[in-house]
There are 2 protein chains.
Amino acid sequence: MSLRPWDPYEQDCPSRRLLDRIGDRWTVLIVVALDPGPQRFSALAARVGGISQKMLTQTLRSLERDGFVTRTLYPEIPPRVEYELTTLGRSLLGPLRALEEWAVENMSEVVVHQGEYQATH
Amino acid sequence: MSLRPWDPYEQDCPSRRLLDRIGDRWTVLIVVALDPGPQRFSALAARVGGISQKMLTQTLRSLERDGFVTRTLYPEIPPRVEYELTTLGRSLLGPLRALEEWAVENMSEVVVHQGEYQATH
DNA sequence: CAGGATCCTGTCAGATACTG
DNA sequence: CAGTATCTGACAGGATCCTG
């Protein structure tokens, strides 16, 4: 029973791999934070509020490894490091913005449902 | 420094709340699995390969709580339960399909980058 | 400044057994 | 069939201290 060449029901399909890759708390937020342009480590930490230094480093490393982000070290004193989206990384912004728009338009309704559910359970 | 009414840099914005809600391993996969129409518990378990019964139950409960899914119990013997996307749930399919298309088109490139990174580090 | 290393903790998530 | 309950290991992720 094969439906499409890459059906999300298959465990090893692109959709699953993407979810495994960006389906964590921080990756998406960092990609969006890099939208306006290159950012320094400390600037990113400030934009993505609530992230620990460790998680920021870790997530940036895997984003770099997967080709979403480039890391540029300027050997000055004190050292400066800038992170920037690659073409691949920027291409992901489109779908992410669609999700963002959905959130802005619909998340209030989710809260309403949560309240109703609370009332009846 | 307020940029837009709901900036993802803010910790309490719709985007963050959505990510907190669907940013786990299973939620998105279950929503997509419900795309074709109402599904029974066991059918869902089969489609979403690799999910444990516990996680399926848990994720369905929160999807129901948030108004993405309805749960209908048919008091037969043996009992039958069907899960179906609500209008809200179906509205999420659009943005998700955009992500799916991105994955199909670009995930192979991610794998290439992973290989290159491995080679240089 | 941008992290590396270490320790510590909660939560996620699987396995198993039981029930209406 | 479609769950619930309980136990358990694994790991995500925070706090803290240290360095080129």
Side-chain angles (χ1 to χ4, degrees), chain A residues 11 16-31 33-34 37-66 68-85 117 120-121, chain B residues 11-12 16-17 19-31 33-34 37-66 68-85 117 120-121:
Chain A
Q11 283 189 238
R16 290 263 188 144
R17 286 208 298 271
L18 177 64
L19 285 174
D20 284 345
R21 190 54 207 73
I22 71 169
D24 63 280
R25 185 179 252 53
W26 300 116
T27 299
V28 168
L29 292 172
I30 292 178
V31 170
L34 284 169
Q39 307 276 328
R40 304 185 56 171
F41 186 87
S42 46
L44 276 175
R47 298 199 104 133
V48 185
I51 192 172
S52 71
Q53 168 214 63
K54 175 184 173 181
M55 280 299 102
L56 182 53
T57 301
Q58 231 174 66
T59 310
L60 283 171
R61 284 292 172 281
S62 46
L63 281 171
E64 192 194 352
R65 174 175 52 86
D66 295 349
F68 290 106
V69 158
T70 58
R71 176 181 189 272
T72 310
L73 166 66
Y74 299 89
E76 311 166 350
I77 295 179
R80 181 163 57 100
V81 178
E82 284 196 346
Y83 295 91
E84 184 173 12
L85 288 178
Y117 189 91
T120 59
H121 289 77
Chain B
Q11 284 189 239
D12 183 31
R16 290 265 187 143
R17 285 209 298 271
L19 286 173
D20 283 345
R21 190 52 206 76
I22 70 170
D24 63 280
R25 187 180 250 51
W26 301 116
T27 299
V28 168
L29 291 172
I30 292 177
V31 169
L34 283 169
Q39 306 277 327
R40 303 187 56 171
F41 186 88
S42 47
L44 277 174
R47 299 199 104 135
V48 184
I51 190 172
S52 70
Q53 176 205 58
K54 175 184 171 182
M55 280 299 102
L56 182 53
T57 301
Q58 231 176 66
T59 310
L60 283 170
R61 284 292 172 283
S62 45
L63 281 172
E64 192 193 352
R65 173 175 53 85
D66 296 349
F68 290 105
V69 159
T70 57
R71 177 182 188 272
T72 310
L73 166 67
Y74 298 90
E76 311 166 351
I77 295 178
R80 180 164 57 101
V81 177
E82 284 197 347
Y83 295 91
E84 184 173 12
L85 288 178
Y117 189 92
T120 60
H121 289 76

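Computed from a predicted structure; not experimentally measured. A note on names: the letters A, B, ... follow the listed sequences, proteins ahead of strands, and every chain is numbered from 1.
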* **Separation of atom CH2 in B/Trp26 from atom P in C/dT11, rounded to whole Å** => 21 Å
* **Per A/Lys54 side chain, nearest of listed nucleotides D/dA15, D/dA2, C/dG3** => D/dA15
* To do: Using a heavy-atom cut-off of under 4.0 Å over every strand shown, decide if A/Gln53 touches base, sugar-phosphate, or nothing.
  => base
* To do: May I ask you to say what A/Glu76 touches in the nucleic acid, namely base, sugar-phosphate or nothing, with a heavy-atom cut-off under 4.0 Å?
  => nothing
* Asked: For A/Glu82 and C/dC1, what is the distance between atoms CD and P respectively, to the nearest whole Å?
  -> 15 Å
* Length of the CZ-C1' vector between B/Arg25 and C/dG14, whole Å -> 12 Å
* Under-4.0 Å side-chain N/O to phosphate OP1/OP2 contact, A/Ser42 with C/dA2 -> yes
* Asked: Between D/dG3 and B/Arg71, is there an OP1 or OP2 to side-chain N/O distance shorter than 4.0 Å?
  -> yes
* Asked: Of the nucleotides D/dG20, C/dG14, D/dG14, which has the atom closest to the A/Pro79 side chain?
  -> D/dG20
* Once you round it to whole Å, what is the distance between P of C/dA2 and CZ of A/Arg80? -> 9 Å
* Is the phosphate of D/dA2, meaning OP1 or OP2, less than 4.0 Å from a side-chain N or O of B/Arg40? -> yes
* Would you tell me if any nitrogen or oxygen in the side chain of A/Tyr83 comes within less than 4.0 Å of OP1 or OP2 on C/dC1? => no
* Asked: Is there a side-chain contact between B/Val28 and A/Leu19 (heavy atoms, below 4.5 Å)?
  -> yes
* Asked: Per the side-chain contact (heavy atoms from CB on, under 4.5 Å) rule, which among B/Leu34, B/Ile30, B/Val31 passes with B/Val69?
  -> B/Leu34
* Side-chain N or O of B/Arg61 less than 4.0 angstrom from OP1 or OP2 on D/dT4? -> yes
* Asked: Under a 4.5 Å cut-off applied to non-hydrogen side-chain atoms, are A/Leu60 and A/Leu44 in contact?
  -> yes
* To do: Measure from CD1 on A/Ile77 to C1' on D/dG20 and round the result to the nearest Å.
  => 9 Å
* **Heavy-atom check, side chain of B/Glu84 versus side chain of B/Glu82, under 4.5 Å** => no
* Give one of base, sugar-phosphate or nothing for A/Tyr74, where a contact means two heavy atoms less than 4.0 Å apart. => nothing
* Face-on cation placement of B/Arg65 at A/Tyr117 ring, 6.0 Å and 45° thresholds -> no
* Roughly how many Å is it from CG in A/Asp20 to P in C/dA13, rounded to a whole number? -> 11 Å
* Asked: Rounded to the nearest Å, what distance is computed from the CG atom of residue B/Leu44 to the P atom of nucleotide D/dA2?
  -> 9 Å
* Structure fact -> With the side chain defined as heavy atoms from C-beta on, B/Phe41 is closest, among D/dG13, C/dG3, D/dG3, to D/dG3
* Structure fact -> Here the distance between atom P of C/dG3 and atom CG of A/Leu60, to the nearest Å, is 7 Å
